[in-house]
Structures are given as structure tokens and as C-alpha cells.
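The sequence lines fix the lettering, A, B, ..., with proteins before strands; numbering per chain opens at 1. The figures that follow rest on heavy atoms only: side chains count, while hydrogens, waters and symmetry mates do not.
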Amino acid sequence: MKEVGTACRDVPRPKQLHFYSKFFVSLALFVVSFHRPLMKEERKNLEARTQMTDLERLRHSASHVLATAILKIWPEAQFAAGPPVENGFYYDVDLPHRISPDDFEKIEAEMKEEIKANRPFERMEVSRDEALELGKKGRLAALSERSEPSKFKLDIIENIPPDEKISLYRSGDFIDLCAGPHVKCTGEIGAFKVTSVASAYYKGDEKNPQLQRVYGTAFKTKKELDDYFAMLEEAKKRDHRKLGRELELFVFDDDVGPGLPMFLPRGAVIAEELEKLAKETEFAAGYQRVRTPHIARESLYKKSGHLPYYAESMFPPMELEEARLGERDHGTPASLYYLKAMNCPHHHKLFAAVPRSYRDLPLRFAEYGTCYRYEKSGELFGLMRVRSLQMNDAHIYMTPEQFEAEFNAVNEMYLNYFKLFGIEKYLMRFSTHDPSKLGEKFVDEPELWKQTEEMTRNVLKSSGINYVEVPNEAAFYGPKIDVQAWSVIGREFSIATNQVDFAQPRRLNLVYKDRDNIDKTPICIHRAPLGTHERFIGFLIEHYAGNFPLWLSPEQVRILTIGDDPKLMDYARSILHELRGHQVRAEIDESPDKINGKIQRAEQMKVHTMFVIGKRDMDADAVSVRIHGKGNLGAKPRNEAIGDIVQSIRERRG
RNA sequence: GCCGACGUAGCUCAGCUGGUAGAGCAGCGGUUUCGUAAACCGCAGGUCACGGGUUCGAAUCCCGUCGUCGGCUCCA
């Protein structure tokens with residue numbers, strides 16, 4: 001057995017990876033802050049460069065140990081890829097036996113042995129032919145030669161660029177095609193656990209066969225592992241699905257349908273407050289509100305270009321009998337109606353409804369439109385991914401000269417919102433086009449692409465926003481910016497979007513009369529800084545862990561009386577009426593519970609402010625203020641206490 | 001949509017290898033008059049997701065459907 005230890009620590013760590021190690025340190029703070037796993041792009045880069053933090057290296061090695069264990073139990077297993085991921089590692093395996101959680105114990109036992117044996121990881125560089133030879137003998141990701149070739153490994157070798165070195169790693173009998181790096185010895189894997197098994201398409205392509213993805217996590221020490229699981233438990237407590245039920249914010253019902261959330265009064269309040277915020281902000285920014293129906297004829301979506309592109313994510317059309325009869329009489333295709341999956345075509349029609357001059361631009365149409373998208377069943381996820389959604393939508397029509405200012409203003413709006421909500425962990429994804437796909441995936445307007453992407457990039461740079469550029473992910477009609485965030489359990493999703501569109505306006509013949517008396521097509525921005533009510537509220541629930549700021553709180557003040565003396569109750573009710581007179585969402589707890597019981601219930605419902613009122617307070621024309629999470633703040637004169645509440649709500653602080 | 005797991009009272013969960021369902025909280029009815037995180041007593045509440053099958057007998061075993069969850073894919 002080789003000496004290990006020091007050599008392992010000597011491995012130089014590139015400077016640019018500092019960020020990642022920082023991230024893992026901050027994982028420990030994940031409970032109070034906000035979960036932020038590695039982003040996909042970062043991960044891809046990592047894999048490409050095969051540079052890893054110490055922890056990732058350890059986890060990567062753990063994945064080899066996992067594969068070794070699986071092979072000991074099922075020697076015929078075929079392995080694909082086994083990288084470290086945000087919270088652990090996985091290995092994709094093709095195996096007739098369906099691995100279930102019942103197998104984990106067995107697998108872990110084998111892994112433990114491998115780790116106890118403290119086998120060194122040896123790196124070997126081989127020629128392509130040697131690698132292929134081994135693969136054909138089934139010797140890659142295997143303990144010995146086998147009758148079946150290592151098919152996935154052979155495929156991976158085929159895809160390694162000719163100029164790149166091919167390396168193998170050996171630990172005990174296990175040999176794997178692997179770029180590395182690894183820890184020195186299996187014994188360095190201090191603590192690990194097999195956590196779950198799921199399926200994944202080979203290379204993430206729906207057309208490829210499905211493999212079993214066995215997930216695990218590993219740390220240097222047992223304590224870190226325990227802390228990690230404790231952290232997961234904490235994260236679960238702020239899961240919006242759990243809090244949504246506990247705080248009576250929203251529900252799903254089988255008879256209503258999957259992905260169709262209903263907001264209870266407490267949840268509806270939050271939606272209303274967000275809407276109020278959006279309306280005020282947009283009014284000040286020169287937007288005008290419009291209102292459009294939830295359905296439209298097929299012809300609208302044919303003209304907009306959405307139908308072929310979006311048909312899969314739209315609810316199937318409804319056929320109207322009367323319209324169908326009409327068709328026969330008048331030969332008009334009128335029978336098919338769709339629930340709208342987006343608002344833009346309706347808004348475009350409003351633009352076209354009135355002759356427009358360059359003097360009218362920019363024109364900003366805003367609507368909290370209700371859309372319906374038939375998301376695949378497996379994609380539904382609490383409030384974050386639903387089938388009925390209300391979007392904080394608006395479409396801005398402008399001349400090319402106005403683009404930069406408008407786009408900038410939209411970004412400003414996001415940033416202001418994020419500041420208001422204290423959202424700090426997010427990532428701007430700037431999606432651009434691939435010039436080689438002009439005319440197929442992207443509209444064939446090379447100049448406009450160049451212009452708008454350049455302008456967009458400049459806006460991002462000049463505002464100092466942290467962003468990543470993602471080529472080939474633009475919308476077909478233009479570049480876009482998505483704001484990416486993460487749910488507490490680590491799912492990533494977009495909470496806001498800002499898209500440039502120079503295609504639809506043309507398709508729908510939108511024009512304005514320019515200074516030179518020529519009809520021109522406007523550029524359009526689609527933007528939704530607050531995303532959809534559903535997703536944004538889901539996000540906020542987790543962001544605040546249900547402890548909403550006063551202005552967003554479903555119940556802002558609850559009045560709790562000590563005893564139910566009629567005079568005291570009258571005093572409490574007069575305060576209630578005064579609060580409600582100021583539009584404060586206040587309630588009185590008239591239950592027969594003792595004061596401690598009332599407080600307990602208010603705290604559990606995370607009511608923002610409690611006015612505790614006893615005879616002492618009544619006699620002093622005062623209330624005792626208690627704030628959720630802060631406790632008793634003592635007695636205050638009634639007018640002051642009410643004034644503070646009203647003021648704080650008006651300023652949307654606290 | 002795909003793979004896997006799960007589905008017991010409004011909520012959280014118990015119910016061993018099949019013998020016919022139980023607790024806490026919430027709810028309701030009383031009693032209690034309590035100064036900052038649960039006063040006491042009682043009552044009621046379940047075609048064990050739904051449908052079929054195996055069995056003398058199914059919450060428990062098998063099949064199907066629906067739904068949820070973990071992933072994959074996709075997205076606001």
C-alpha cells in the first residue's frame with residue numbers, strides 16, 4: 001500500500017476555482033440564506049476542464065467506489081457517466097435488475113469494504129486503440145473482462161477529440177475510463193450515503209435509452225455528512241408546498257386537476273399585493289393596462305407562429321358546434337378555439353387595432369394575463385410549475401432607436417423588485433442565437449440579431465449585473481434574459497424573463513407610420529419581471545420561509561385579548577375597526593383559549609404583528625405589540641401602534 | 001411523457017409476516033378568565049386514492065387507473 005496523505009494535499013488548486021470552494025463553505029449557511037447549487041453552465045465547464053475542488057474530487061472517487069460496489073453485486077452492470085454534482089455524485093448504470101432503495105444497504109456495505117481496504121487510485125494513460133481494446137473486452141468500468149463490451153464507455157471514447165489524451169483510473173480490480181482527478185486512496189472518503197435512484201436518459205437525450213441513476217453523497221467526515229442531512233431537513237421545512245398547506249395559502253384538488261392551484265384567501269392576498277405593486281410600478285413607468293380574453297381562435301396562433309411551435313404545450317383545442325355550422329355556411333375557418341398559452345398574440349392584435357404613429361411609441365401594454373399550458377405531467381412541481389398561470393406580462397412596442405432605453409428600463413425594474421424583496425441569489429442568463437442556425441431555429445435576420453444581442457450585452461455590462469451568456473438558447477424571435485433562481489430543495493427555474501422579439505410583429509403585420517411616412521415594423525419586448533403569480537409566490541414563500549414582510553402578510557395584525565370581559569372586547573373591536581379602516585388586514589382571536597394558546601396559534605400561522613390587549617392596556621389606551629419571530633416589544637400608545645403599522649405597510653418595508 | 005417510490009381522519013403519522021382501523025393536533029360542545037409559544041373534560045370524524053383480481057377473509061398480496069414525490073426531459 002502506497003503512502004497517501006500529504007501528496008493529496010499537495011495537489012494544486014487553480015485560483016479560478018476559489019469560487020466553488022467558497023460555495024461549499026457557504027452550503028453550511030444554506031439554512032438561513034438561500035440554497036444555491038452549482039449552475040449547469042458552471043458544472044459543464046468544470047467537467048470540461050476536469051478541475052475539481054477537493055470535495056468534488058472526493059465525490060467523484062466515491063462514484064467509482066459506488067460502481068465497484070454495484071459490480072460486485074451485479075457484475076453485468078454497464079456504466080455510462082459518474083460525475084460529482086452539487087450535493088453529491090451519481091453514476092448512470094444500465095442493469096436488468098431495477099435498483100430500489102432496498103438495495104442501498106447492500107451497496108453501501110460493499111462500498112464500505114472498498115473504503116476500508118483503502119485502495120489507491122492509479123492513473124494510467126493509454127492510446128486510443130488500447131482503450132478501445134479494453135472496452136471491447138468489457139473491461140472498462142468493470143472488475144474483470146466480460147463477455148459484453150463496455151458499450152457506453154466505447155461510445156464515450158469515440159467522442160473524445162483525437163488530440164486529447166485518454167486516461168484510465170484503477171482502484172483495486174475496478175478500471176474505468178476517466179479523466180480524473182481522484183483522491184489518492186479510497187480511504188479518504190470519510191462518510192458517504194447512497195441517497196436515491198432515478199432514471200436519466202443517456203446523454204440527457206429523450207431519444208436515448210433510459211439508465212438508472214444512482215445518487216449518493218460523500219464528505220470528508222461523518223459530521224459534515226450529518227450536518228448535510230440536518231440541513232436538508234431544515235430546507236424541507238421551508239418547502240413552499242409544505243408551507244402552502246400549513247399557512248393555508250393554496251391547495252390542489254384532484255377534481256380540479258393536476259397543476260391547477262387554487263389560492264385560499266391568505267394566498268390570494270399575496271397575489272393581490274403583487275398585482276398592486278406591479279400596477280403601481282408599471283403605471284409610473286408609462287405602461288397602459290389592457291384586458292384580453294382567455295381563449296382565441298386557431299387562426300390567431302397560426303398567424304403568430306406559435307401553433308406549430310407551441311402546440312404540444314397547449315391544451316387541446318375545443319371545437320364549437322355553432323362555429324362549425326357557420327363554417328359550412330360561410331366557408332370561414334372558425335370552429336377551433338384554444339385556451340391561450342401566452343398573451344402576446346392578443347396584445348399584438350391590440351397594437352394593430354388602431355393606426356400607430358412613431359409618435360405613439362414606445363407603447364407599453366400590460367396585463368396580468370391568465371394563461372394555460374399543458375405541461376407534461378412529470379414536470380409539474382407545486383406552485384413552481386403549473387398548468388394555469390397568471391403572468392406579470394407586458395409587451396413594449398418601439399423603434400430600434402428606442403430599444404436600448406426600454407430594455408434597460410425593464411432590467412432596472414427587475415433589479416428594483418429584487419431589492420424590494422431582498423433577492424440576492426439569482427443568475428441572469430443571457431441567451432443568444434447560433435449564427436449557423438439562422439433560418440431554421442432562429443429567424444433569418446443576421447443584422448437584427450447582431451444589433452439586439454450587442455445592445456443587450458452592453459446593457460448588462462454597463463449595469464454591472466452578474467450574468468452568463470448561453471449560446472443557442474435564444475427564443476426563435478430574439479435574444480432573451482432569464483433570471484434564474486432555485487427552490488429550497490435545489491430545483492432551478494426562471495422567475496423573470498425579458499425577451500426581444502423582432503419576428504412576431506412582422507408575422508402579424510404590425511406597423512407604425514414613421515417620420516418619413518413609411519410603414520415600419522416595430523421591435524417588441526416581452527417582459528415579465530415578476531414572472532407568474534404561481535411561481536413567484538412559490539418562490540417568495542421559500543425565500544421568506546413563510547415569514548412575509550408586513551405589506552405582503554396575509555394577516556397583518558391579530559388582536560389577542562387577555563380574557564373576554566365585554567368592555568375589553570369592545571376596546572379590541574374598536575381597534576380592529578380602526579385598523580380595517582386603514583385597509584390593514586386585521587383579525588380578532590375570539591377563541592376561548594388562554595393568552596398563551598392564542599399566541600401559540602398566531603405564531604404558528606406566522607401572523608406578522610400581534611396586539612396583545614389586557615385590562616392594563618385598555619386602561620392606558622394602549623396595546624402590547626408582539627412581532628412574529630421577535631417576541632414581545634412592550635406596550636405602545638394605541639395611536640402610535642396603529643400609525644406604525646399603517647406607515648410600514650405604505651412604505652412596503654418590514 | 002419516461003423510470004422509480006409512495007397514496008390510512010382536515011393536518012402529521014401508527015397499524016408486525018392478510019383476521020376486518022388508532023393517536024396527537026385541528027373541528028364541535030361544555031367547563032376555565034388566563035399578561036406573551038398549547039388550560040381541562042367530552043363528542044364527532046375514515047367505502048384505508050379509485051377500479052378489478054387472488055383469498056374463507058385484503059389497508060396489508062397482484063394488476064390497472066388517477067394523483068403526489070424523487071429524478072430525466074422541458075419551462076414563467
Side-chain angles (χ1 to χ4, degrees), chain A residues 85 90 92 98-102 195-215 239 241-242 245-246 248 251-255 257-259 310 312-313 341-343 369 371 373-386 389-393 473 480 482-485 489-499 526-536 538-539 560-565 568 591-604 610-617 624-629 631-635:
Chain A
V85 288
Y90 66 78
D92 281 345
R98 301 242 72 97
I99 296 175
S100 85
D102 297 336
T195 50
S196 65
V197 58
S199 92
Y201 300 103
Y202 180 52
K203 289 183 175 171
D205 190 333
E206 238 171 325
K207 291 175 205 86
N208 286 340
Q210 284 202 320
L211 306 174
Q212 303 187 61
R213 179 167 290 181
V214 184
Y215 281 92
D239 188 318
R241 293 166 296 187
K242 183 175 158 65
R245 210 178 22 245
E246 287 172 359
E248 295 175 17
V251 291
F252 290 90
D253 187 290
D254 283 0
D255 285 327
Y310 254 99
E312 281 232 332
S313 44
M342 69 296 294
N343 301 304
C371 299
R373 296 184 181 176
Y374 192 78
E375 304 290 357
K376 293 194 237 168
S377 62
E379 289 163 352
L380 302 176
F381 173 60
L383 273 189
M384 303 292 201
R385 195 72 183 276
V386 294
L389 43 109
Q390 271 190 286
M391 240 194 294
N392 171 225
D393 213 359
E473 283 196 15
K480 62 173 183 176
D482 285 313
V483 182
Q484 196 100 27
I489 60 164
R491 278 209 194 185
E492 52 184 54
F493 53 89
S494 297
I495 46 171
T497 188
N498 187 7
Q499 314 183 347
H526 308 231
R527 43 110 279 176
L530 295 174
T532 63
H533 274 328
E534 289 72 16
R535 185 173 287 181
F536 205 77
F539 169 82
L560 316 173
T561 56
I562 300 168
D564 58 359
D565 178 84
L568 188 62
S591 72
D593 294 87
K594 306 214 163 178
I595 190 61
N596 280 330
K598 293 180 186 177
I599 288 171
Q600 165 95 3
R601 238 158 345 104
E603 291 283 357
Q604 275 170 351
M610 288 148 273
F611 282 180
V612 177
I613 298 171
K615 189 164 179 308
R616 270 194 334 246
D617 302 289
S624 291
V625 180
R626 181 187 171 97
I627 295 191
H628 173 63
N632 186 6
L633 301 187

Could you walk me through whether Asp593(A) and Lys598(A) pass the salt bridge (charged side-chain N to carboxylate O under 4.0 Å, His left out) check?
-> CA-CA 6 Å; Asp593(A) 294 87; Lys598(A) 293 180 186 177; over 6 Å; no
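Summarising the geometry, the separation between CD on Gln212(A) and C1' on rC72(B) is reported as 13 Å, rounded to the nearest angstrom. Straight-line distance from the CZ atom of Phe493(A) to the C1' atom of rU73(B): 18 Å, rounded to whole Å. Remark: C1' of rA76(B) and CE of Met391(A) are 6 Å apart, rounded to the nearest angstrom. Arg98(A) has its CZ atom 17 Å from the C1' atom of rC6(B), to the nearest Å. Look at CG on Leu211(A): it is 10 Å from C1' on rC72(B), rounded to the nearest Å. Per the geometry, CG belonging to Asp239(A) stands 12 Å off C1' belonging to rU68(B), to the nearest Å. Across the protein-nucleic acid pair, Lys203(A) atom NZ and rG71(B) atom P stand 24 Å apart, rounded to whole Å. Remark: C1' of rC6(B) and CZ of Arg241(A) are 14 Å apart, rounded to the nearest angstrom.
Taking a pair to require two hydrogen-bonding distances under 3.5 Å in either a Watson-Crick or a G-U wobble arrangement, rA37(B) remains unpaired. Nucleotide rU32(B): unpaired (no Watson-Crick or G-U wobble partner with both distances less than 3.5 Å). Pairing of rA23(B), defined by two Watson-Crick or G-U wobble distances under 3.5 Å, is identified with rU12(B). In a base pair of the Watson-Crick type (N1 to N3 plus N6-O4 or O6-N4) or a G-U wobble (N1-O2 and O6-N3), with each distance short of 3.5 Å, rU17(B) is matched with no nucleotide. Under the Watson-Crick and G-U wobble criteria, each requiring two contacts below 3.5 Å, nucleotide rG46(B) is left unpaired. Taking a pair to require two hydrogen-bonding distances under 3.5 Å in either a Watson-Crick or a G-U wobble arrangement, rG51(B) pairs with rC63(B). The pairing partner recorded for rG70(B) is rC3(B), the criterion being a Watson-Crick or G-U wobble arrangement whose two distances lie under 3.5 angstrom.
For the P atoms, the distance linking rA49(B) with rG1(B) amounts to 22 Å, nearest Å. Spacing of P atoms, rG24(B) relative to rG45(B), comes out at 16 Å, to the nearest Å. Separation of the C1' atoms belonging to rC62(B) and rU54(B) is 7 Å when rounded to the nearest angstrom. Comparing the same atom, P, in rG4(B) and in rG64(B) gives a spacing of 11 Å after rounding to whole Å. Rounded to whole Å, the P atom of rC6(B) lies 15 Å from the corresponding atom of rC16(B). rU36(B) and rC13(B) are spaced 33 Å apart, taking the P atom of each and rounding to whole Å. For the P atom pair drawn from rU60(B) and rU8(B), the interatomic distance equals 13 Å after rounding to whole Å. When the P atom is used for both rC43(B) and rG71(B), the distance is 45 Å, rounded to whole Å.
Residue Phe536(A) is out of contact with every strand shown, counting any heavy-atom pair closer than 4.0 Å. Across all strands, Gly382(A) comes closer than 4.0 Å only to sugar-phosphate atoms, never to a base (heavy-atom distances). Contacts of Gly531(A) with the nucleic acid, taken as non-hydrogen atoms under 4.0 Å apart, involve only primed sugar atoms and P, OP1 or OP2.
Taking 3.5 Å as the limit, the base of rA76(B) and the side chain of Ser494(A) contain no donor-acceptor pair of atoms between them. Counting distance only, with no hydrogens placed and no angle test, the side-chain atoms of Ser199(A) and the base atoms of rG71(B) include a donor-acceptor pair under 3.5 Å. Between the side chain of Arg535(A) and the base of rC75(B), a donor-acceptor pair under 3.5 Å is found. Evaluation of atom-type donor-acceptor distances gives no pair under 3.5 Å for the side chain of Tyr201(A) against the base of rG71(B).
More than 12 heavy atoms of other residues, nucleotides or ligands shown are found within 6.0 angstrom of OH on Tyr202(A). Atom NZ of Lys203(A) has more than 12 neighbouring heavy atoms from other residues, nucleotides or ligands inside a 6.0 Å radius.
Listed for the Glu603(A) side chain is no donor-acceptor partner under 3.5 Å among the backbone atoms of His628(A). Side-chain atoms of Thr532(A) come within 3.5 Å of backbone N or O of Arg535(A) as a donor-acceptor pair. Looking at Gln212(A), its side chain does come within 3.5 Å of a backbone N or O of Ile99(A) through a donor-acceptor pair.
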Between N or O atoms, less than 3.5 Å apart, protein on one side and nucleotides 11-13 of chain B on the other: list the pairs.
{"unit_1": "rU12(B)", "atom_1": "OP1", "unit_2": "Arg245(A)", "atom_2": "NH2", "d": "2.9"}

Protein-nucleotides 35-41 of chain B N/O pairs under 3.5 Å:
{"unit_1": "rG35(B)", "atom_1": "O6", "unit_2": "Lys615(A)", "atom_2": "N", "d": "3.1"}
{"unit_1": "rG35(B)", "atom_1": "O6", "unit_2": "Arg616(A)", "atom_2": "N", "d": "2.6"}
{"unit_1": "rG35(B)", "atom_1": "N1", "unit_2": "Asp617(A)", "atom_2": "OD2", "d": "2.9"}
{"unit_1": "rG35(B)", "atom_1": "N2", "unit_2": "Asp617(A)", "atom_2": "OD2", "d": "2.8"}
{"unit_1": "rG35(B)", "atom_1": "N2", "unit_2": "Ser624(A)", "atom_2": "OG", "d": "2.9"}
{"unit_1": "rU36(B)", "atom_1": "O2'", "unit_2": "Arg626(A)", "atom_2": "NH1", "d": "2.7"}
{"unit_1": "rU36(B)", "atom_1": "O2", "unit_2": "Arg626(A)", "atom_2": "NH1", "d": "3.2"}
{"unit_1": "rU36(B)", "atom_1": "O4", "unit_2": "Ser624(A)", "atom_2": "OG", "d": "3.0"}
{"unit_1": "rA37(B)", "atom_1": "O3'", "unit_2": "Gln600(A)", "atom_2": "OE1", "d": "3.3"}
{"unit_1": "rA37(B)", "atom_1": "N7", "unit_2": "Arg626(A)", "atom_2": "NH2", "d": "3.1"}
{"unit_1": "rA37(B)", "atom_1": "N6", "unit_2": "Glu603(A)", "atom_2": "OE1", "d": "3.1"}
{"unit_1": "rA37(B)", "atom_1": "N3", "unit_2": "Gln600(A)", "atom_2": "OE1", "d": "3.3"}
{"unit_1": "rA38(B)", "atom_1": "N7", "unit_2": "Gln600(A)", "atom_2": "NE2", "d": "3.1"}
{"unit_1": "rA38(B)", "atom_1": "N6", "unit_2": "Gln604(A)", "atom_2": "NE2", "d": "3.4"}

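Between Leu380(A) and Pro258(A), the shortest heavy-atom distance links the atoms CD1-CB, 3.8 Å. When all heavy atoms of Arg373(A) and Ala341(A) are compared, the closest pair comes out as NE-O, 2.8 Å. What you find for Asn632(A) and Arg626(A) is that their closest heavy atoms are N-CG, 4.0 Å.
Residue whose closest nucleotide on RNA chain B sits further toward the 5' end, between Gly259(A) and Pro101(A): Pro101(A). Comparing Ala200(A) and Asp254(A) by the nucleotide of RNA chain B whose heavy atom lies nearest to each, the residue mapping closer to the 5' end is Asp254(A).
The pair Lys480(A)-Asp482(A) meets the salt-bridge criterion, with a side-chain N (NZ, NE, NH1 or NH2) lying under 4.0 Å from an Asp/Glu carboxylate O.
Side-chain contact annotation: Ser591(A) with Arg601(A), donor-acceptor N/O pair under 3.5 Å present.
In this structure, CG in Leu568(A) is found 7.0 Å from CD1 in Ile613(A), a value given to the nearest 0.5 Å.
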